[in-house]
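Everything below concerns the one structure shown next.
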Amino acid sequence: MKKITILILALFFGFEMQSQVAISKNPYYGKPSKFEMERFDDFKNTTTIFVLNNLYDKKQYEDMLKSFWTITPYEVVNLKDFKYQDYLSDKYSFCVMSGFTNIQTEGIRTIFSINLFILDMEKVSKKIKDLKDNDYFTFLDDKKKNLAYIELIPNDKIWDLIDRNSSTANTTGRDFHSYSYFKSKKSEYEQIVSDKIHNENVFHNYNLLMLSNNFQNIQKLLLNKTFCGFYEESISSEVKQLKKQTLYLPDYLKKEYHTKPIEYKEYSKEKLDKILSPYPYKIEFISVKELETKILNNEEFYYLNFGYHLRYFQIVNSKTGEAIYKVYPNGMMKANLKESDFKDLTKAINK
């Protein structure tokens with residue numbers, strides 16, 4: 001039997017994880033949707049307006065950015081002070097938080113991210129007469145020219161809220177919730193989620209070190225004019241190292257996601273062993289204390305980065321931050337680990 005200890009995903013903050021960064025019009029599919037190459041240059045001719053979570057103050061964000069951000073001039077603006085109408089120009093780009101839940105008959109899709117974009121000022125100029133109720137968020141929604149995304153990984157505080165709301169929603173049709181701070185008309189539920197994501201520590205990977213790593217990665221990709229998606233699949237020859245290296249798994253994978261009722265329920269030992277059984281090499285669930293020691297010692301090891309709701313399966317090198325094995329099996333609505341995931345990984349190792 002494989003040894004089981006504990007891992008918390010939040011402790012991956014020290015790694016530059018390209019799997020959490022995308023350069024794409026829409027990153028939530030297998031391959032990145034490429035935009036016109038001129039957009040890279042248009043972006044570099046702007047001043048970037050950063051409008052982020054209130055968890056840190058303006059000076060803390062400025063101190064973080066000044067240590068590496070050189071691709072554009074920038075300005076950090078507090079949430080409460082920011083108004084889109086003050087920046088309706090091709091001289092500006094924007095970096096803001098966003099999130100939504102899309103409830104459909106086949107399942108629930110929730111995504112949170114930090115989005116970097118410029119505006120299509122030709123569309124803005126032509127349609128500004130259609131602006132209603134000073135609602136710039138809705139007006140600008142289809143006039144953004146997206147450049148980059150950082151995926152945000154919610155903790156249980158957010159999932160519990162979303163699950164409770166989704167369990168009572170009418171899923172016979174389409175039910176959509178946006179949690180943007182700048183959405184002028186929000187339901188009570190949307191307001192609660194929006195307040196949390198913009199004011200509290202509700203993401204595993206939202207801290208200054210992880211933000212710094214991810215923004216540096218974005219800058220490098222933009223400078224090199226390189227596209228990438230969250231779920232672009234790739235397998236490196238480095239995956240063969242797992243024949244002799246331990247693969248570490250996070251303890252949230254010991255729980256199975258259920259929809260009726262919505263809950264996370266501990267796997268039985270028999271079921272968990274069965275899921276892992278196709279993998280013949282060493283697997284270990286590691287404690288928080290042990291993982292911290294590994295990070296502080298700058299050790300190189302491999303761990304599984306897996307998302308229940310977004311359904312990606314990635315093996316990451318802790319030292320380089322590179323995903324040496326990136327697959328996106330079975331589609332977005334299949335929430336839990338499968339035997340086939342480890343069977344496919346084993347095949348890749350032995351290929």
Side-chain angles (χ1 to χ4, degrees), residues 2 5-23 27-28 30 32 113-114 148-155 203-207 209-218 220-221 226 228-254 276 279 281-288 290-329 337-338 341-342 344-349 351:
K2 299 173 178 66
T5 54
I6 302 174
L7 172 69
I8 298 296
L9 183 61
L11 290 175
F12 295 152
F13 64 86
F15 312 130
E16 184 176 349
M17 295 168 58
Q18 185 162 318
S19 54
Q20 292 178 356
V21 167
I23 307 296
Y28 297 107
S113 65
I114 296 173
Y149 295 80
I150 297 173
E151 179 185 22
L152 297 176
I153 303 172
N155 62 27
F203 297 107
H204 287 302
N205 60 333
Y206 196 101
N207 55 72
L209 183 54
M210 179 60 102
L211 288 172
S212 176
N213 287 340
N214 282 324
F215 279 130
Q216 286 180 72
N217 205 4
I218 281 178
K220 178 176 67 176
L221 292 166
T226 302
C228 69
F230 287 141
Y231 311 117
E232 195 172 7
E233 297 192 340
S234 66
I235 301 175
S236 164
S237 60
E238 189 180 344
V239 75
K240 296 182 183 297
Q241 293 295 318
L242 290 172
K243 284 185 177 181
K244 53 187 178 182
Q245 298 286 337
T246 299
L247 174 61
Y248 293 99
L249 304 187
D251 76 328
Y252 69 84
L253 297 180
K254 293 188 292 181
L276 301 177
Y279 189 79
Y281 307 111
K282 188 176 180 182
I283 287 179
E284 184 177 336
F285 292 79
I286 187 173
S287 72
V288 173
E290 289 169 324
L291 182 59
E292 287 177 332
T293 301
K294 282 180 171 290
I295 294 170
L296 291 172
N297 290 340
N298 198 30
E299 293 182 35
E300 186 172 18
F301 58 94
Y302 298 97
Y303 65 88
L304 174 59
N305 185 24
F306 176 83
Y308 280 107
H309 293 262
L310 301 181
R311 196 61 178 89
Y312 49 81
F313 187 103
Q314 302 167 346
I315 308 300
V316 181
N317 180 315
S318 67
K319 201 167 187 177
T320 66
E322 294 294 326
I324 63 169
Y325 179 87
K326 295 172 62 177
V327 296
Y328 180 40
L337 283 174
K338 311 287 184 187
D341 296 330
F342 289 94
D344 291 342
L345 174 60
T346 301
K347 286 181 182 177
I349 294 170
K351 192 171 181 179

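Note that the structure is predicted; figures quoted are calculated from it, not measured.
By the side chain to side chain contact (heavy atoms under 4.5 Å, CB included) test, Q245 pairs with Q241, Y302, sequence neighbours left out. In this view, E300 and N317 satisfy the side chain to side chain donor-acceptor pair (under 3.5 Å) rule, not counting sequence neighbours. Shown here are the ring pair (Phe, Tyr, Trp, His ring centres under 6.0 Å) partners of F215, two or more places apart in sequence or in another chain: F50. Under the side chain to side chain contact (heavy atoms under 4.5 Å, CB included) criterion, S234 pairs with K326, not counting sequence neighbours. Not counting sequence neighbours, the partners of Y206 by the side chain to side chain donor-acceptor pair (under 3.5 Å) test are Y61.
Heavy-atom contacts from other residues, nucleotides or ligands closer than 6.0 Å to NZ of K243 number more than 12.
Atom-to-atom distance recorded for Q216:CD and N214:CG is 9.5 Å, nearest 0.5 angstrom. L211 CG to L152 CG: the interatomic distance, rounded to the nearest 0.5 Å, is 8.0 Å. Rounded to the nearest 0.5 Å, atoms NZ (K240) and CD1 (I235) are 10.0 Å apart. Rounding to the nearest 0.5 Å places SG of C228 at 7.0 Å from CG of N217. To the nearest 0.5 Å, atoms OG1 (T246) and NZ (K282) are separated by 4.0 Å.
The shortest distance between side-chain heavy atoms of I324 and V316 does not fall below 4.5 Å. For the pair T346 and L242, the minimum side-chain heavy-atom distance is 4.5 Å or more.
Only one option out of Y281, Y325, F313 pairs with F342 in a ring pair (Phe, Tyr, Trp, His ring centres under 6.0 Å); it is F313. Tested against I315 for a side-chain contact (heavy atoms from CB on, under 4.5 Å), the candidates I349, V327, L247 yield a single pass: L247.
Shortest non-hydrogen contact noted between L304 and P250 is O-CD, 3.4 Å. Between P32 and I23, the closest heavy-atom pair is CB-O, 3.9 Å.
D341 contributes a side-chain N or O that, together with a main-chain N or O of K338, makes up a donor-acceptor pair within less than 3.5 Å.
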